[in-house]
Number of protein chains: 2
Amino acid sequence: MEVKLSSLALTPRSLDHQAADVIRQQILSGSFPPGHRLIETQLAEALDLSRGTVRSALQQLTYENLVVQLPYRGWLVPPLRSQGAWELYTLRSGLEGLAARLAAMAISPEKATLLERSFQQLVDAAQRGDRNAVNEFDFGIHKTIIQLTEHRRLQQQYKIIEQQIRLYITACNTLLEFDLTEIANQHQSMVKAICCGNASLAQQIAQDHSTADGETLVNYLQESEARNSK
Amino acid sequence: MEVKLSSLALTPRSLDHQAADVIRQQILSGSFPPGHRLIETQLAEALDLSRGTVRSALQQLTYENLVVQLPYRGWLVPPLRSQGAWELYTLRSGLEGLAARLAAMAISPEKATLLERSFQQLVDAAQRGDRNAVNEFDFGIHKTIIQLTEHRRLQQQYKIIEQQIRLYITACNTLLEFDLTEIANQHQSMVKAICCGNASLAQQIAQDHSTADGETLVNYLQESEARNSK
DNA sequence: ACAATTCCAATTGTCAACAATTTACAATTG
DNA sequence: CAATTGTAAATTGTTGACAATTGGAATTGT
């Protein structure tokens with residue numbers, strides 16, 4: 001009974017990466033809300049780290065769009081804008097559509113089984129009427145699809161998109177309104193299309209679904225912006 | 001005659017950003033070829049900068065996939081792999097397709113004029129038989145389409161994709177083989193579809209075209225990898 | 001009273017030194 | 001001769017101090 005030692009390898013995790021994790025969590029949990037100014041010296045003191053390490057952490061977060069750097073002037077959790085929401089949801093629809101297409105092109109019985117299992121979780125949650133769980137399994141299905149594509153960059157990009165969508169949902173305090181039956185039906189036809197290798201249909205269904213979600217949020221933010229400009 | 005001073009505003013460009021520009025150029029020009037190890041101390045000496053500043057520059061380049069960080073062990077220009085090429089081209093097709101769809105949905109006479117002008121440059125280059133120019137204007141059309149969408153994130157993402165495709169082309173020393181007439185025809189039908197607002201057709205054509213390009217490069221790299229594994 | 005200028009504290013950007021980890025190679029052991 | 005250990009050099013990660021920039025308050029000028 002051999003344990004393969006290379007699978008137990010420990011990876012040292014540098015302080016700047018750890019600091020980025022902590023700051024990311026503060027942002028995603030709402031403790032650092034959109035528009036919040038991030039001061040290096042304060043963060044360095046709070047984290048008991050050197051300011052240079054904090055700078056490195058903040059820079060990492062700029063590439064996740066969780067932080068914006070204003071050179072020589074500071075760092076900021078970006079305010080939520082309808083334009084940003086639109087960009088986020090269109091990109092989401094594009095990436096989810098691409099993933100569905102690629103998965104359909106590379107489908108196998110084993111992959112189909114994984115996908116159907118993931119879909120079943122969504123159906124169960126919808127039948128329980130558990131909106132939070134439905135939202136989670138909605139993301140879960142798409143993550144499964146992306147895993148099936150074995151496309152590492154797509155996984156990375158999707159992770160960033162997902163984080164940001166969660167941020168918008170938390171900050172706007174909206175759980176998006178959706179019809180539970182409709183969600184399950186849409187995903188069923190998408191899962192079917194993928195499993196029988198129909199790439200263009202799978203893509204079409206996948207992107208249509210997230211487009212509808214996005215419009216609700218964009219409208220909400222547009223109204224909010226119109227109110228604030230008076 | 002008033003010159004609007006705010007349009008002349010100078011933006012201080014920090015040394016780390018400047019260093020990133022220099023290193024990026026070295027990578028894209030082939031001076032730091034795929035697989036090349038990047039040593040902080042050497043770069044710092046060559047650029048007459050502090051090593052911390054170079055670290056910051058390298059970190060910026062990791063988010064463009066031009067550099068990979070191996071924590072505690074170094075930085076590397078990533079080797080070119082067929083898997084990486086596949087991911088790059090599929091992502092390109094997805095983003096170009098999304099851009100075509102969004103542009104078609106938001107088309108106006110002014111935008112159509114811009115797009116047709118861009119297309120005309122491609123046609124002229126094809127008629128001259130100038131392959132380099134055709135390749136440039138191929139990118140040029142897609143950049144125009146993305147500008148028409150007014151989608152900032154898409155522009156950012158496409159820029160990174162474009163850089164990397166240029167890197168693959170330079171490093172593999174292949175100018176992709178393509179039929180000049182076919183290129184012009186494909187782009188004509190795509191431009192038509194966008195200008196008359198046919199979003200799904202525009203997307204379909206856009207993504208099919210870059211998929212074909214990508215397959216050639218992926219095949220080339222797979223053969224190269226098969227040779228090197230003996 | 002208002003605009004322009006100056007001053008200074010707060011903050012960001014960079015640096016060189018110290019700390020920590022990895023690599024390569026020589027020496028030792030089995 | 002192969003495997004293991006030890007160690008110095010190379011390199012990466014972090015730090016605190018100095019340099020540079022910005023924004024807002026105070027002062028000056030009209």
Side-chain angles (χ1 to χ4, degrees), chain A residues 2-24 26-27 32 35-79, chain B residues 2-24 26-27 32 35-63 66-79:
Chain A
E2 258 193 24
V3 176
K4 198 174 171 189
L5 283 182
S6 68
S7 69
L8 300 178
L10 298 178
T11 303
R13 188 153 175 84
S14 57
L15 289 179
D16 59 345
H17 283 97
Q18 291 179 54
D21 292 340
V22 172
I23 298 168
R24 184 187 298 109
Q26 293 291 100
I27 293 169
F32 293 158
H36 182 69
R37 179 92 185 277
L38 298 164
I39 313 293
E40 295 177 10
T41 48
Q42 286 176 17
L43 288 171
E45 187 174 338
L47 297 173
D48 195 29
L49 293 175
S50 147
R51 193 164 59 72
T53 307
V54 169
R55 282 180 68 75
S56 176
L58 289 171
Q59 188 180 57
Q60 287 171 48
L61 296 176
T62 66
Y63 299 100
E64 302 176 25
N65 288 293
L66 294 178
V67 169
V68 169
Q69 181 183 26
L70 307 176
Y72 293 96
R73 288 191 278 167
W75 311 79
L76 192 61
V77 180
Chain B
E2 259 194 23
V3 176
K4 198 175 170 189
L5 284 180
S6 68
S7 69
L8 301 178
L10 298 178
T11 304
R13 187 153 175 84
S14 57
L15 289 178
D16 59 344
H17 283 97
Q18 291 179 55
D21 290 341
V22 172
I23 298 168
R24 183 187 299 110
Q26 294 289 98
I27 293 168
F32 293 158
H36 182 70
R37 178 93 186 279
L38 297 164
I39 314 292
E40 298 175 8
T41 48
Q42 285 176 18
L43 288 171
E45 185 174 340
L47 297 174
D48 195 27
L49 293 175
S50 148
R51 195 166 55 74
T53 306
V54 168
R55 282 181 68 75
S56 175
L58 290 171
Q59 188 178 60
Q60 287 170 48
L61 296 174
T62 66
Y63 299 101
L66 294 178
V67 169
V68 170
Q69 183 184 24
L70 308 175
Y72 293 97
R73 288 192 279 165
W75 312 78
L76 193 59
V77 180

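Computed over heavy atoms, backbone and side chain alike; hydrogens, waters and symmetry mates excluded. Letters go in sequence order (proteins before strands), and every chain restarts at 1.
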Kindly compute the distance separating [atom1] ([X]) from [atom2] ([Y]), expressed to the nearest 0.5 Å.
| X | Y | atom1 | atom2 | value |
| --- | --- | --- | --- | --- |
| A:L47 | A:T53 | CG | OG1 | 10.0 Å |
| A:Q59 | B:Y63 | CD | OH | 7.0 Å |
| A:L43 | A:I23 | CG | CD1 | 5.0 Å |
| B:E40 | B:L58 | CD | CG | 6.5 Å |
| A:R55 | A:Q60 | CZ | CD | 13.0 Å |
| A:Q26 | A:L38 | CD | CG | 10.0 Å |

What integer distance in Å separates [X]:[atom1] from [N]:[atom2]?
| X | N | atom1 | atom2 | result |
| --- | --- | --- | --- | --- |
| A:L15 | D:dT12 | CG | P | 17 Å |
| B:D16 | D:dT21 | CG | P | 14 Å |
| B:Q59 | D:dT12 | CD | P | 14 Å |
| B:E45 | D:dA10 | CD | C1' | 14 Å |

Might you list the N or O atoms of the protein lying below 3.5 Å from N or O atoms in nucleotides 6-12 of chain C, with each pair's distance?
from   : atom 1 : to    : atom 2 : distance (Å)
C:dT12 : OP2    : A:E40 : N      : 3.2
C:dT12 : O3'    : A:Y72 : N      : 3.3

side-chain N/O B:T53 vs C:dC15 OP1/OP2, d < 4.0 Å:
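So the side-chain polar atoms of B:T53 do come within 4.0 Å of the phosphate oxygens OP1 or OP2 of C:dC15, strictly under.
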What is the minimum heavy-atom distance between B:R13 and B:Q18, and which atoms define it?
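Distance-wise, the nearest heavy atoms are O-NE2, 2.5 Å.
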Axis deviation across the helix from C:dA1-D:dT30 to C:dG30-D:dC1, five-pair ends, to the nearest 10°
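Here the helix ends are tilted 0° relative to one another.
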